[in-house]
Amino acid sequence: MKSILGRSLTRSSTWSALACITLLGTPAAISAAPTQRAEAPAHRTQEVMDRQLVAALVSSVRTSADRARDRDRHPYATLRFGGLRPGLIVIDLQPEGGYWTRILAPYLAQTHGIYIAGVPNPGNLDARDLLVTGDGEVSATKAGRARLGPIQYTAFGPASPALGAPGRADLIIASREVHNWINVGYADKGFGDAFRALKPGGILAIEEHRAEPQIDPVLTGYPFTGYVPTPTVIALARKVGFVLEATSEINANPRDVKSYPFGVWTLPPSQLSSGPGFPSLTDAQRARFNAIGESDRMTLRFRKPFHSTSGARRAPTNAIR
């Protein structure tokens, strides 16, 4: 089936697109940070459909596994809340399986923007194939790469250099990765790298497994659960100079009790059922955890102030509400 990225939406495809938005997530409750002015019009008018983004979402470039996750990931609403619009320079930090890559690379190619993947090793060809195919066992073809659109690469990790020329990017996305930065010990570096790479006024959009509220205080299994307190993420961003602009409940999941044998990786899509030193899950347990869906997640939008010229700044002392 041919991708519809290269042409305008027809009337029938427009109806499909509208249905797609309903399925993929409409903007949920959005709260402006208490110290900020009202949101700019670009973020208030999310009811105006981005047809090219919808085209990217329904394109056959995406895998069946991507589509199966859309009900939990809410890609349209999440990207719109995060500030995505045509023609931006976007850095996607640690895209790994390529869920966002297969949306953003075609979208930005079509709208004359640039997609940059921030990966541990830009020379790793297997990792590049994974961004195209979504399957580590499948090599990307030349045709598959061409359909996806151009991808630039930059190194990002505990010991990586700068993400590129400072002040170049319009938008940086860190989706479900901050817990790893904290666990490995390079959270300050990660936020600092993002701050320096963004233009003044640029946006850091974060989606992360949310630790609170924790319904069951008794955590079993892995000591590293993958869940992070929201104030921790906000404090890390503010420490380097970011301003919290808005929060959203787009990716909230009240079914997530956050107490599992293998941390957040017990839930889809990882669905871990066994691990060293831990008993395997029974079929009944596996079914119960799968029914929860993907994790409860914070969705945050930070902005680099227009007057900022460098990374490290003293964190503001205003309270987090």
Side-chain angles (χ1 to χ4, degrees), residues 63 65-66 68-69 71-73 92-100 118-121 124-131 133-138 155-160 174-191 206-236 251-300:
T63 68
D66 290 342
R69 298 185 66 190
R71 284 188 181 275
D72 286 326
R73 297 301 303 268
D92 183 6
L93 295 179
Q94 297 166 323
E96 298 181 341
Y99 176 87
W100 290 119
V119 296
N121 178 8
N124 185 330
L125 298 181
D126 289 339
R128 291 189 179 202
D129 283 351
L130 184 61
L131 296 184
T133 65
D135 186 338
E137 302 299 319
V138 177
F156 179 73
S160 60
S175 182
R176 301 150 70 119
E177 291 296 337
V178 173
H179 61 277
N180 289 320
W181 306 356
I182 293 171
N183 189 52
V184 177
Y186 65 104
D188 285 341
K189 177 186 181 298
F191 279 94
I206 289 184
E207 178 188 343
E208 182 55 79
H209 310 298
R210 177 165 53 185
E212 68 286 329
Q214 189 169 298
I215 299 172
D216 184 347
V218 180
L219 287 170
T220 59
Y222 286 12
F224 174 47
T225 68
Y227 291 97
V228 181
T230 303
T232 298
V233 177
I234 294 174
L236 285 165
N251 292 302
N253 180 0
R255 298 185 302 275
D256 181 5
V257 299
K258 306 170 187 180
S259 176
Y260 309 109
F262 308 107
V264 72
W265 300 281
T266 312
L267 299 178
S270 297
Q271 298 175 303
L272 288 184
S273 293
S274 62
F278 299 97
S280 298
L281 299 182
T282 66
D283 290 344
Q285 287 174 315
R286 179 74 274 155
R288 178 163 59 87
F289 294 139
N290 287 347
I292 291 170
E294 298 195 26
S295 68
D296 173 54
R297 300 179 302 284
M298 67 185 87
T299 307
L300 310 174

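Note that the numbering runs from 1 along the sequence shown for the chain. No hydrogens, no waters, no symmetry mates; every other heavy atom, side chains included, goes into these values.
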Heavy-atom pair of closest approach, residues Pro268 and Phe289: CD-O, 3.9 Å
Here the pair of heavy atoms bringing Asp72 nearest to Gly293 is OD2-CA, 3.9 Å
Do Arg297 and Asn253 have side-chain heavy atoms sitting under 4.5 Å apart? no
With side chains defined as the heavy atoms from C-beta onward, is the minimum distance between Phe156 and Pro120 less than 4.5 Å? no
Sidechain-backbone polar pair: Arg210 side chain, Asp296 backbone, donor-acceptor under 3.5 Å: no
Is a side-chain donor or acceptor of Asp66 paired with a backbone partner of Thr63 at a separation under 3.5 angstrom? yes
Check the orientation of Phe191 and Trp181. Use parallel for under 30°, tilted for 30 to 60°, and perpendicular for over 60°. perpendicular
With sequence neighbours excluded, what pairs up with Thr266 under the side-chain hydrogen bond (donor to acceptor under 3.5 Å, both in side chains) test? none
Test Ser295 against every option in His209, Glu207, Glu208, Lys258 by the side chain to side chain donor-acceptor pair (under 3.5 Å) rule and name the one that passes. His209
Distance-only donor-acceptor check, side chains Arg128 and Asn124, under 3.5 Å: no
Between Glu96 and Arg176, does any side-chain N to carboxylate O distance fall below 4.0 Å? no
Tyr260 and Trp265 aromatic centres sub-6.0 Å: no
